[in-house]
Structure formats: structure tokens, C-alpha cells
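Here is the structure we will look at.
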Amino acid sequence: MDSLNSLIDGFGTALTPMNLLWAAIGVLLGTAIGVLPGIGPAMAVALLLPVTYGLDPTGAFIMFAGIYYGAMFGGSTTSILLNTPGESAAVVAAIEGNPMAKSGRGAQALAAAAIGHFAGGMIGTILLVVLAPTVASLAIGIGAPDYFAIMVLAFIAVTSVLGASRIRGIASLLIGLTIGLVGLDQMTGQQRLTFGSLQLADGVDVVIVAVGLFAIGEALWVAAHLRRSTGKPIPVGRPWLGRTDLKRTWKPWLRGPVIGFPFGAIPAGGAEIPTFLSYVTEKRLSKHRDQFGKGAIEGVAGPEAAASASAAGTLVSMLTLGLPTTAVAAVMLAAFQQYGIQPGPLLFEREPELVWGLIASLFVGMVLLLALNLPLAPVWAKLLRIPRPYLYAGILFFAAVGAYAVGGESLDLVILLVIGLIGFGMRRYGLPVLPAVIGVILGPAAEQQLRRALQISDGSVTGLVNTPFSVTVYAIVVLIVAWPLIGRLVGRVRGDRNAAEKSRTVSGG
């Protein structure tokens with residue numbers, strides 16, 4: 001009841017005319033910036049941080065919340081329409097969203113994403129209000145072995161469900177893990193795969209990798225095949241979800257937040273893992289598995305809801321523990337400190353108006369995001385009516401601008417082109433792109449958690465499986481790996497039984 005009363009007071013703060021204005025500006029700015037490839041929510045919040053110095057803290061953070069959710073949806077927009085993720089959390093949206101767009105259902109994919117963001121954000125924020133103290137106490141108990149187990153699960157899951165074969169999925173993952181090794185060893189300071197370049201000492205930014213593999217690789221692949229096809233504009237399609245679409249999406253919209261919120265709340269690294277796991281889950285549960293990879297709307301709805309709920313979950317550990325689990329949370333933590341506010345267990349007591357105003361503004365921001373972007377879905381989808389030579393020329397330009405904006409180094413453009421050529425080669429030989437991206441995102445963190453776990457156990461491998469949580473996760477990993485083999489054995493046993501029954505029937509007749 002105390003939380004409910006505080007939330008009502010928070011709505012009193014968030015619904016003032018000025019704070020509503022800041023929320024609307026944040027959603028619009030976030031969506032507009034998120035549409036640009038390579039400029040995700042973290043960069044958007046960081047770029048606009050100086051602009052908010054003249055605002056009071058409550059107004060500033062309400063605006064930041066709007067930018068966060070708006071930029072996440074903007075990243076999904078380019079991911080779906082142009083196969084160019086604006087940020088790493090939008091990578092999964094491209095797998096089914098882009099084939100939908102190419103088949104003339106771009107507006108439906110955007111509508112599924114917008115409603116998914118709304119459902120995920122609403123459910124995630126409700127869970128934030130209700131479960132914040134419980135989740136925070138659980139998060140404290142999760143150690144290095146548990147983090148590593150979660151990341152192994154993500155690696156195995158994503159390589160098992162994508163691509164024509166597991167071998168190709170693993171090959172793609174190894175490419176990503178290799179790119180993730182570039183830079184300084186976080187524990188020893190040794191240079192790895194930098195070729196003597198100081199500019200590579202910080203590693204290759206994941207945004208450059210995602211934009212290179214998806215956008216540049218796709219543009220080069222299309223350019224290589226334009227002579228064989230006419231390159232006609234893609235039809236936009238009707239701008240609403242039909243009854244069949246709603247029937248296929250309402251369950252993923254509800255399942256996504258259940259996966260996304262816990263991963264956002266624990267310090268396991270943002271929305272990347274839950275979006276991958278949500279996609280895997282929807283593929284396993286779907287009655288339309290044959291459509292996955294060709295434009296299954298469940299593969300857009302579930303991961304987008306998971307990403308939005310994860311964004312709400314990140315605020316749990318940031319507000320209650322002062323522990324940022326994503327780049328956006330880190331920027332917001334810096335903003336809190338700029339105002340002389342220290343997030344932590346006492347924040348809810350010392351700054352109740354700010355905290356509950358911020359939480360209430362998340363609900364307001366979700367409504368604004370849905371109200372603004374559902375009508376705009378067909379407008380965004382009309383990008384696909386541009387003839388492909390001009391469209392992909394524009395993608396190359398904005399991808400280059402986004403990559404250069406990451407670090408302001410000309411070497412980033414060279415890296416972008418090299419990774420784009422790798423993406424082109426992966427398409428040529430049938431390697432799925434997504435495992436490579438997850439390898440880059442999670443590879444360095446997995447290595448760090450593995451080494452920490454081994455240090456704690458004095459080098460003993462048993463240190464990786466010394467908690468109930470890690471044992472449970474590894475059991476799931478074994479089940480995923482063994483499932484095809486189990487299926488074959490069951491099929492063989494059934495086949496032998498059927499053959500035996502037929503032989504008995506024949507002999508009896």
C-alpha cells in the first residue's frame with residue numbers, strides 16, 4: 001500500500017503540464033535519434049545530458065525516461081524496415097521484422113513492435129513498483145559462476161535455433177567472439193589482436209559491429225544481386241493488425257516481459273540476452289515454426305516486449321543499489337551524480353518525489369510512445385517505397401555517420417567496411433549473423449566472469465557449478481544441446497515399434 005500511495009503521488013508530479021511536455025519531447029527526440037543507425041539510447045541520453053542542466057532534476061529524468069523508450073523503439077524501426085539495428089537490443093527485431101517488411105508487411109511489424117513496447121513497458125514498470133525490493137535482494141546474491149552460466153545459455157540457445165545448421169551457428173559465434181577479443185585484456189592489460197594500433201586498444205564498439213554486419217553486409221549483398229533483379233519498391237501494406245495477427249501476438253506480448261524484466265533487474269547486461277531468449281521461446285512454442293526466418297510476427301512481438309520490460313528492470317538495480325547494468329543506466333547514474341543525488345537503498349527515502357515521479361513518468365511515456373508511433377507506423381514503412389539503389393545508398397551514408405559518431409575516429413569507418421565485408425561473406429556462405437553479434441556483445445563479459453569464478457575457486461573447474469542457480473542453468477543448456485538427439489532416438493524407437501507391429505500384422509494375416 002505504501003508503494004501504491006507513493007505511485008499516486010508520483011503521478012501527481014508526472015502529470016503536471018511541464019513534466020508532460022518534457023516526457024513528450026523525450027519520446028519524440030528518442031524515436032527520431034533512435035531511427036538513425038548507430039545512435040542508440042545511451043548516446044542519445046549522453047548527447048542531451050548538457051541540455052537538461054537548466055531543468056530541475058525531476059523534469060530532467062522524466063525527459064531521460066522518454067528518450068530511453070523512444071530511442072529503443074526508433075532502433076527497432078530501422079531494424080525492421082532496413083535491417084539496420086539502431087542499437088544492440090534491436091538486433092533480434094531484424095530477424096523476423098525485416099522479412100515481414102520485404103513481403104509488404106512492414107506496417108504490421110512496426111505495429112506489433114509498438115504494442116510490444118507498450119505491453120512490455122507497462123508490465124515491467126508495474127513489476128518495478130511491486131517487486132523492486134525483492135528483486136534487488138536477489139540480485140545481490142548472484143555471483144560470477146551464475147553470470148557465466150547465463151551467458152553460456154545465451155550462446156547455446158542462439159546457435160541452436162538460427163541458421164541452416166548448428167555448425168554454421170557455432171562458426172558465426174566464433175567470428176563474434178574473435179572480434180570481441182580485440183583490445184586490452186581487462187585483467188592483465190595485454191594487447192590482443194590490435195596489430196599495434198592504439199586506437200584498437202579499447203576494442204571494437206558493438207554498434208559498429210552490428211551496423212557493419214547488418215547494414216553494410218545487407219547493402220553489399222543487395223548491390224551484388226541488383227543486376228539480377230529489377231529492384232522494385234516494396235509495397236507498404238495495410239497499416240493495422242488483423243485478427244490473425246492479434247491472435248498470434250497477444251501471448252508473446254505477455255511472455256516477453258516475464259523473460260525481460262528479471263534480466264534487466266539483475267546485473268547481467270541489459271536487453272540483449274532476454275530478447276534472444278524470448279525469440280528462442282517463441283520459436284519453440286509457435287504453431288507456425290515454418291514461418292520463422294521468413295517473417296513470423298511472433299518473433300517481433302515477444303522480443304520487443306522483452307526489451308521494453310528489461311528497460312524497466314534496469315531501473316531496479318540502478319535506483320535501489322546504484323548499480324548500472326546497461327550503458328543507459330550508467331549515463332543516468334552520472335546524471336544523478338551531476339545533481340548531487342546518489343542512487344541506493346536510501347534514495348526512496350531521501351528523494352521520494354523524484355523517484356516516484358520518474359516511475360510514474362514511465363507509464364506516461366509508454367502511453368505517449370504508443371499514441372505517437374502507432375499512427376506513424378505506415379509513415380515509417382513508406383521508407384520501403386524508395387527504389388533500392390537510393391535506399392541502400394542512404395543506409396550506407398547513415399551507417400557511416402553513425403559509426404563515425406561512436407568514437408569520432410576515421411579508423412572506425414575502415415573497421416565498419418571490413419566488418420561489412422565479413423557480413424557479406426557470411427550471407428554468401430549461409431552463416432547466420434546474429435550469433436556473431438551476440439558473441440561480440442557477451443564474449444568479453446563471459447570471459448571476465450569465467451576468470452573471476454576460477455579465481456574465486458583457486459582455478460578449480462568445480463567453481464563454475466557450485467551454486468544451485470548455475471547448476472539449473474547448465475541443466476537447461478544440456479537439455480537444449482541433447483534435445484535433437486533425444487528427438488531422433490524417440491523417432492527411431494517409434495519407427496522400430498511401427499515396423500514390428502506391421503510385421504506382426506503381416507505374419508498374423
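Positions are given from 1 along the sequence.
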Are any of the side-chain heavy atoms of [X] and [Y] separated by less than 4.5 Å?
X: Leu413; Y: Leu417; value: no
X: Leu153; Y: Phe148; value: no
X: Asp146; Y: Gln449; value: no
X: Leu177; Y: Leu181; value: no
X: Ile80; Y: Asn98; value: no
X: Leu315; Y: Ile359; value: no
X: Arg428; Y: Trp221; value: yes
X: Leu128; Y: Leu362; value: yes

Is there a donor-acceptor pair closer than 3.5 Å between any side-chain N or O of Thr275 and the backbone N or O of Ala307?
->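 No, the answer is negative, given that no donor and acceptor are paired below the 3.5 Å cut-off.
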Would you say Ser310's side chain and Ala306's backbone share a donor-acceptor pair under 3.5 angstrom?
->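 The answer is no, because no donor-acceptor pair under 3.5 Å joins these two groups.
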What residue among Ile419, Val440, Val418 forms side chain to side chain contact (heavy atoms under 4.5 Å, CB included) with Val204?
->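 That would be Ile419.
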Assess whether side chain to side chain contact (heavy atoms under 4.5 Å, CB included) is satisfied between Ile216 and Leu421, documenting all intermediate values.
-> CA-CA 8 Å; Ile216 306 297; Leu421 291 171; over 6 Å; no
Verdict with supporting geometry, Ile297 and Glu96, side chain to side chain contact (heavy atoms under 4.5 Å, CB included) = CA-CA 7 Å; Ile297 196 168; Glu96 302 300 331; over 6 Å; no
Please lay out, stage by stage, how Asp412 and Leu416 fare under the test side chain to side chain contact (heavy atoms under 4.5 Å, CB included).
-> CA-CA 6 Å; Asp412 291 338; Leu416 180 73; over 6 Å; no
Closest non-hydrogen atom pair between [X] and [Y], with its separation:
X: Gly260; Y: Pro274; answer: CA-CB, 3.6 Å
X: Arg427; Y: Leu213; answer: NH1-O, 2.8 Å
X: Ser172; Y: Pro435; answer: OG-CB, 3.6 Å
X: Gly124; Y: Ala312; answer: C-CB, 3.6 Å
X: Gly121; Y: Ser308; answer: N-OG, 3.1 Å
X: Glu282; Y: Pro252; answer: OE1-CG, 3.3 Å

From [X] atom [atom1] to [Y] atom [atom2], the distance as rounded to the nearest 0.5 Å:
X: Arg255; Y: Leu285; atom1: CZ; atom2: CG; value: 5.0 Å
X: Ile67; Y: Trp22; atom1: CD1; atom2: CH2; value: 11.0 Å
X: Ile422; Y: Ile415; atom1: CD1; atom2: CD1; value: 10.5 Å
X: Ile123; Y: Leu254; atom1: CD1; atom2: CG; value: 5.0 Å
X: Met366; Y: Ser361; atom1: CE; atom2: OG; value: 9.5 Å
X: Leu368; Y: Ile25; atom1: CG; atom2: CD1; value: 11.5 Å

Answer with yes or no whether the side chains of Glu298 and Tyr279 bring together a donor and an acceptor at under 3.5 Å.
->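 Distance-only check fails for Tyr279 and Glu298.
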Does the distance from a Lys or Arg side-chain N to an Asp or Glu carboxylate O, for Arg192 and Glu447, drop under 4.0 Å?
->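 Salt bridge: yes.
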Should Ile115 and Trp250 be marked as a side chain to side chain contact (heavy atoms under 4.5 Å, CB included) after you check the CA-CA gap, both sets of side-chain angles, and the distance that decides it?
-> CA-CA 10 Å; Ile115 298 173; Trp250 73 270; over 6 Å; no
